[in-house]
There are 2 protein chains.
Amino acid sequence: MPERDAERSRREILMAAEAEFAQKGFYGARVDAIARRSGRNKRMIYVYFGDKEGLWRQVISEVYRRMEEAEQSLIDLQLSGRELVRRMVYTYFDFLQANPSFVSLLSWENLDGGCRLEPLPEGKIGRQSLQFFVDALERGKAEGIFRPEIDPWHTALSMITTCFANFSNRYTLSRLFGADLCGAEMLAARKEHTARLILGCICTEGEE
Amino acid sequence: MPERDAERSRREILMAAEAEFAQKGFYGARVDAIARRSGRNKRMIYVYFGDKEGLWRQVISEVYRRMEEAEQSLIDLQLSGRELVRRMVYTYFDFLQANPSFVSLLSWENLDGGCRLEPLPEGKIGRQSLQFFVDALERGKAEGIFRPEIDPWHTALSMITTCFANFSNRYTLSRLFGADLCGAEMLAARKEHTARLILGCICTEGEE
DNA sequence: TTCACAAGTAACCGTTCGGTTACTTACATG
DNA sequence: CATGTAAGTAACCGAACGGTTACTTGTGAA
């Protein structure tokens, strides 16, 4: 193992940056802190990523990539109907639980007004998996599994936002509800409830 | 009208701080900028609010107060059953739409891990209105209007998170869905859909 | 073995920012 | 109309931060 490894340095800086940016946001994060966390010299950050904003962008696209991976693995299961909806909620929930930095980073982006957000390339997986879900809802409607009056597009949006909000507002909600929303058992209950919420709203009658 | 008015200065600094903090967050906000926006001298901020964090806390409690006002006016309507649920969603939606800084400030708080959040005093309106809603759901269950299997507590939480998420993640969602989620007509559609989502999930059968 | 170049280091720079000090001015009170 | 005090100002300070410069060291091909 060589003592000097550009690729490895780059990767370790990126990981350290993800942690620092997720914790403190773009403004709050310190380039010196990222250098320290990664065990690399600050200089290297500028060599590899240009500047602080370039590093931020790389971190964002990295966490998006992980999200797309999770989405793809769901699509590969080839599910449909109720089972698809349930697994979709589970997939999002599990991903967000396992990737708190994804939640934080996207929230930071939103608060900065999306000013560092590059437009998503057409036909990217985000859109693809969305389309996949909308199509599945449409098919379910045709088959009579889902209610005829539901709007697939709005429903898809609601599913994503509903999952996300369980994580993005833990602290203020915990305070408001006087309960810890961060624990594993609570999150499991929230996951189940969220799945029921979506299914309860779109399904015709009958068994769960 | 006196040229020197401590109360008015305090108020105007607070308003300027709300705007600055909502836009930039705690770390990103600049005390100098708040002074400039309020047309007051920076020194006065430290006289009235101690330090940057004291100012932040005052801003937070001010926007919470406005929220509690909206909640109280809903409670005063003395509604119940389906009508209450619908109006509750409307109330939250309208409030969040009219108070973007509330959304931003709470999101900033969450991202900082709630570290500047003081514990909510027992019996405060936030809890009260929550209890009011939970009780109403319980009553609806007893009356057969709402499904017997719903969990009122989780449902209340879902309602709030579902409303909130429509605002807190506009930009990344707009990008993902390739549609502007900030426009008035879109928000009206989201409001209606959100009400249907909650009602569809909790109501037994029948007409809307 | 040499040597060119990529990888890495440490010290530094100009600016910005939260917070303070020393001073000035308006106004209510007697 | 004098005067104590609350309201307001401007200039300043030390620390921190993003980014850079000048220099050193490990590595692999000739």
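These figures come from a predicted structure and were not determined experimentally. Chain letters run A, B, ... following the sequence lines, proteins first, then strands; residues in each count from 1.
In this structure, the CG atom of B:L55 is 11 Å from the P atom of C:dG18, given to the nearest Å. Remark: C1' of C:dG18 and CE of B:M44 are 16 Å apart, rounded to the nearest angstrom. Atom CD1 of B:I45 and atom C1' of D:dA7 are 15 Å apart (whole Å). Put simply, CZ on A:R36 is 15 Å from P on C:dT9, counting in whole angstrom units.
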Checking side chain to side chain contact (heavy atoms under 4.5 Å, CB included) for the pair B:Y92/B:K191: CA distance, chi angles, key distance, verdict? CA-CA 9 Å; B:Y92 273 113; B:K191 180 162 100 175; over 6 Å; no
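Of the N and O atoms on the side chains of B:E109 and A:T172, not one donor lies less than 3.5 Å from an acceptor on the other residue.
Just one of B:E69, B:E62, B:E68 meets the salt bridge (Lys or Arg N to Asp or Glu O under 4.0 Å) condition when paired with B:R66; it is B:E62.
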What string of B, S and - do you get for nucleotides 11-24 of chain D, 5' to 3', when a contact is any protein heavy atom under 4.0 Å? ------SBBBBB--
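Geometrically, B:R175 engages A:Y64 in a cation-pi contact defined by less than 6.0 Å to the ring centre and at most 45° from the axis.
Between A:S9 and C:dG8 there is a side-chain polar atom (N or O) within less than 4.0 angstrom of OP1 or OP2.
The residue B:F49 sits apart from the nucleic acid: no heavy atom pair falls under 4.0 Å.
Taking the screw axis at each terminus of the helix from C:dT1-D:dA30 to C:dG30-D:dC1 from five consecutive base pairs, the angle between the two is 0° to within rounding of 10 degrees.
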